Amino acid sequence: MTSSMKLPATFLSFSSHQPRGSSHCSVASAAYAVEPRLGEGAVVSKKTPSRSPCRTMAKVDDKNDLCRMNQAKFEPSIWGDFFLSYCNPLAYSDNQRSMEERAEYLKKEVAKLIVNSRIDSLPEKLHLIDVLERLCVDHLFEEEINAVMDEISDADVSDCELHTVALWFYLLRKHRHRVSPDVFLKFRDEDGIFEAEDARDLLSLYNAALLTTHGEGILDEAISFTKRQLRSLMPKVVEGSLAHDINSALEIPLPRRVRIYEAKYFMSTYEKGASVNEMIMELAKLSYNIMQIHHQQELKIITRWWKDLQLETRLSFARDRVVECYFWIAGVYFEPCYSRGRIILTKVLAIVSILDDIYHVYGSPEECEQFTKCIERSVFSHIWIKLFIYCE
């Protein structure tokens, strides 16, 4: 298979298959899945019930009746049985097999590229590692990347520009290396102003300074300074991707964002850049699509487990948010090797959400007290967890 193999046209898109009750489909940026949308004028609340659990007082005699008649009514899940019937067009055996074979070939070639990067300059090494991590393919090259990071940890950055020093500091701290913040002293004058040439330098310093630890005053000063400067520069920045990066960083800093949810946007900007590496770009697309297939198959398993519990009829007061629970876990452990862990943790979160609704929406104080005593019994707790997690 040649390196010029053309990717399927369905990359980051889906077929025209529509979930039940929806008017159209779109790619859910946080979950690699088609999110069904409700009709015009409909309101969806994933977290907040349509009526507050703070119940409206009514003239009743029985305290339990008061609790029952004022239950919060949550909106039904917008997903329904969607994942039980949805099939990704890339998931057919021949397509998926060819994608995995191509990805395996590219993985070996990119691994060679990382190893050969040791002879490159420090900025080129840092750029390569940063790109791999922003594209969420770094988990494929853990050994190679760790070797490069060990090598550059002792690099002399005294003659480097601010962007390079900030990226060097950011990546080393991210990989748990000990790095002194004193490397930024040469960029600060007596008035506490950091000498940055452009908005890119300020953004890199801002991202690096956010990895501060307690007592590192120079990094605290860098955060305050760069934040003020970036806000003042926002109206003047005309470059689309840089303006987006600055705006996103001020809203949610890069170290605090969920990487896999950011990868899709970074792919679109990196692909248009002058420094794009076509081999890395193709591997990122294939890896993204393969992970997408795995995640949708896991959602099918979880949805089937959830429906088999028949909670809609047995516990009609509880929220149906099992898909959202999966999104949460997938943001933390997105790699294919954590498939079983994602399924188990999603089930645990779904059970916790049920318990939360029992305490805050359904049960009276006396019932909740008795229920708590039951949960505290170790044998009962074991049976409860085993029943919900492993019944499939």
Side-chain angles (χ1 to χ4, degrees), residues 114 116-135 138 144-234 237 239 241-250 252-257 259 262 266 269-270 273-275 277:
I114 299 173
N116 295 334
S117 69
R118 295 185 176 182
I119 62 175
D120 296 335
S121 63
L122 179 61
E124 292 174 329
K125 294 178 185 177
L126 296 174
H127 177 71
L128 175 61
I129 301 301
D130 184 53
V131 165
L132 293 174
E133 294 188 353
R134 295 288 298 275
L135 292 173
D138 54 302
E144 293 84 356
I145 291 177
N146 288 334
V148 175
M149 297 307 299
D150 291 338
E151 180 180 326
I152 66 176
S153 60
D154 299 325
D156 182 12
V157 294
S158 58
D159 296 329
C160 296
E161 59 180 2
L162 179 56
H163 170 71
T164 300
V165 175
L167 185 57
W168 175 80
F169 182 91
Y170 172 80
L171 291 175
L172 286 176
R173 281 264 172 123
K174 189 177 177 182
H175 285 261
R176 302 179 181 180
H177 287 261
R178 291 183 178 273
V179 193
S180 173
D182 294 342
V183 293
F184 297 111
L185 286 174
K186 67 175 184 176
F187 299 105
R188 188 185 63 171
D189 60 18
E190 297 178 354
D191 298 326
I193 298 176
F194 289 84
E195 300 174 358
E197 295 182 359
D198 50 28
R200 188 187 69 157
D201 287 355
L202 289 170
L203 182 59
S204 299
L205 178 58
Y206 179 65
N207 290 330
L210 287 166
L211 297 182
T212 180
T213 58
H214 181 69
E216 294 180 328
I218 186 174
L219 296 183
D220 295 334
E221 295 175 14
I223 294 174
S224 300
F225 173 79
T226 52
K227 185 179 292 187
R228 289 195 307 270
Q229 295 297 315
L230 289 172
R231 284 174 176 167
S232 64
L233 286 174
M234 269 301 296
V237 177
E239 184 181 346
S241 61
L242 182 57
H244 178 277
D245 291 342
I246 293 175
N247 186 60
S248 299
L250 293 175
I252 302 178
L254 181 61
R256 299 174 188 170
R257 285 182 235 160
R259 288 200 303 135
E262 284 286 309
F266 186 76
T269 57
Y270 177 69
S275 60
N277 184 301

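Bear in mind that the values here come from a model prediction, so they are computed numbers and not experimental data. The figures that follow rest on heavy atoms only: side chains count, while hydrogens, waters and symmetry mates do not. We count residues from 1, following the sequence as given.
In this structure, F169 and F184 have perpendicular ring planes: the angle between them is above 60°, well past the 30° mark.
Contact between H177 and D150 at its shortest, heavy atoms only, is CE1-OD1, 3.2 Å. A pairwise comparison of heavy atoms in N207 and A249 identifies OD1-CB, 4.4 Å as the closest pair. Of all heavy-atom pairs between L230 and L203, the closest is CD2-N, 4.1 Å. Shown here for C160 and K186, the closest heavy-atom pair between the two residues is O-NZ, 3.4 Å. Residues M234 and L250 come closest through the heavy atom pair CG-CD1, 4.3 Å. Closest approach of I252 to R257, counting heavy atoms only: O-NE, 2.8 Å.
Residues V179 and W168 have side chains in contact (heavy-atom distance under 4.5 Å, counting atoms from C-beta outward). Put simply, the side chain of F187 does not reach to within 4.5 Å of the side chain of L205, judged on heavy atoms. In this structure, H175 and N146 have side chains that are in contact, with non-hydrogen atoms separated by less than 4.5 Å. Within the 4.5 Å cutoff, the side chain of L202 has heavy atoms near those of the L233 side chain. Contact annotation: the side chain of P253 approaches that of Y206 to within less than 4.5 Å [non-hydrogen atoms, C-beta and beyond]. Between R173 and P181 there is a side-chain heavy-atom pair separated by less than 4.5 Å.
With rounding to the nearest 0.5 Å, the separation of CG in D120 from CD1 in I114 is 11.5 Å. Atoms CD1 and CG, on I218 and L185 in that order, are 4.0 Å from each other to the nearest 0.5 Å. Atoms NE2 and CZ, from H127 and R134 in turn, are 11.0 Å apart once rounded to the nearest 0.5 Å. A distance of 11.5 Å separates CD1 in I246 from NE2 in H244, rounded to the nearest 0.5 Å. The distance from the CD1 atom of I129 to the CG atom of L167 is 10.0 Å, given to the nearest 0.5 Å. We find the CG-CG distance between L171 and L211 to be 9.5 Å, quoted to the nearest 0.5 Å.
At least one donor-acceptor pair closer than 3.5 Å links the side chain of T269 to the backbone N or O of F266. No side-chain donor-acceptor contact under 3.5 Å links R200 to the backbone of H163. Of the possible polar contacts, none joining the S248 side chain to the D245 backbone as a donor-acceptor pair under 3.5 Å is found. Judged by distance alone, with hydrogens and angles left aside, the side-chain atoms of R259 form a donor-acceptor pair with the main-chain N or O of E133 at under 3.5 Å. Between the side chain of K125 and the backbone N or O of R118 there is at least one donor-acceptor pair closer than 3.5 Å.
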Worked check of side-chain contact (heavy atoms from CB on, under 4.5 Å) between L122 and V157 | CA-CA 9 Å; L122 179 61; V157 294; 3.7 Å; yes
List the steps, then state whether side-chain contact (heavy atoms from CB on, under 4.5 Å) holds for V131 with N277.
-> CA-CA 10 Å; V131 165; N277 184 301; over 6 Å; no
Which is it for K174 and D138 under the salt bridge (charged side-chain N to carboxylate O under 4.0 Å, His left out) test, yes or no, and what are the steps along the way?
-> CA-CA 13 Å; K174 189 177 177 182; D138 54 302; over 6 Å; no
